[in-house]
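Scroll down for the structure; my scribbles are underneath it.
One-based numbering along the sequence shown. Just so you know, ligand 1 is whichever comes first in the structure, and atom 1 is the first atom listed for that ligand. None of the values given here were measured: they were computed from a predicted structure.
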Amino acid sequence: MTILECKHIYKKFGGITANNDVNISIDEGEMVGLIGPNGSGKTTLFNCISGVYKIDSGEIIFRGNAIQKLPPHRRTPLGIARTFQIVRPFKALTVLENVMIGSLLKSKSPLEAEEKAREIIEFLGMTKYIDYTGAHLTLAYKKRLEIARALATEPYILMLDEAMAGLNAAETKEAVEFVRKINDRGTSIILVEHVMEVVMPLSDRVYVLENGKVISQGLPSEVSKDPLVIEAYLGGE
Ligand SMILES: Nc1ncnc2c1ncn2[C@@H]1O[C@H](COP(=O)(O)OP(=O)(O)OP(=O)(O)O)[C@@H](O)[C@H]1O
């Protein structure tokens with residue numbers, strides 16, 4: 001069943017059309033990769049879906065309802081969560097407190113929120129850092145904390161914006177494993193990543209954006225052979 005459908009999304013900034021008639025859809029439990037050169041409109045689309053940006057026209061259907069007019073704080077409780085390309089944990093708060101900011105959203109009490117937060121921290125292998133403040137984590141763990149906080153809002157769909165950029169090989173391998181684990185629990189995921197070795201094996205399907213438009217879509221094996229994608233993404237080599 002389709003969980004999220006973006007229909008004819010347009011978003012302009014002055015003379016730049018950052019999203020130009022974008023159509024994408026994601027099924028329940030699916031992991032979809034969103035790739036494309038720098039400036040092709042990937043983060044803009046995340047911002048349109050999460051409500052950070054108001055779209056100029058089009059429709060965003062989430063679990064059967066049009067949500068494009070809702071502000072961001074009314075989209076998160078419906079089950080839409082995202083991380084940001086530039087990590088921004090609450091630096092003075094501990095890992096537990098950071099994750100509780102997410103879990104408080106759907107908990108009946110602070111105690112329940114704490115239990116849920118502890119469970120997610122354990123699930124993401126961060127228990128030994130539970131009392132560290134955000135400021136004292138490595139980049140890899142800051143990124144993981146962002147994911148933990150997003151996951152704590154109990155999303156149906158999780159949008160990861162370059163969750164693995166800047167990580168070393170060992171950290172990337174671990175991140176790939178826990179992203180897969182999150183997806184295995186049934187959460188749909190949209191993955192924006194530049195590292196092809198990460199996005200291609202993880203994704204069930206891939207969309208390719210160039211200059212704000214979807215230029216290709218399909219199975220990773222099909223998309224990576226598409227001449228349009230090779231031209232746009234790899235500079236024709
Ligand atoms: N708030 C904004 N104001 C003006 N222009 C913007 C804004 N956000 C994005 N843009 C422009 O829209 C276009 C798409 O940018 P976007 O960040 O969505 O691309 P991207 O595919 O995520 O790029 P990258 O891979 O480099 O993160 C770019 O030309 C960018 O400069």
(request) Indicate the atoms forming the closest heavy-atom contact of Phe62 with Leu78, along with that distance. (result) CE2-O, 3.3 Å
(message) Are there over 12 heavy-atom neighbours, none belonging to Tyr156, within less than 6.0 Å of that residue's OH?
(response) no
(message) Less than 6.0 angstrom from the centroid, inside 45 degrees of the normal: does Arg144 satisfy that with respect to the ring of Phe178?
(response) no
(request) Apply salt bridge (Lys or Arg N to Asp or Glu O under 4.0 Å) to the pair Arg118 and Glu114, showing each step before the final yes or no. (result) CA-CA 6 Å; Arg118 286 184 184 277; Glu114 184 177 331; 3.0 Å; yes
(request) Verify the ring-centre separation between Tyr53 and Phe13: is it less than 6.0 angstrom? (result)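 When the ring centroids of Phe13 and Tyr53 are compared, they turn out to be within the sub-6.0 Å range.
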(request) Mind jotting down which protein residues get a heavy-atom contact under 4.0 Å with ligand 1? Chain and number order, please. (result)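 Around ligand 1, where the cutoff is 4.0 Å for heavy atoms, the contacting residues are Phe13, Ile16, Ala18, Pro37, Asn38, Gly39, Ser40, Gly41, Lys42, Thr43, Thr44, Tyr53, Gln85, Glu162, His194.
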(message) Would you say His8 and Glu59 are linked by a side-chain donor-acceptor pair, where the criterion is simply a distance under 3.5 Å?
(response)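 Not at all, the side chains of Glu59 and His8 share no donor-acceptor pair under 3.5 Å.
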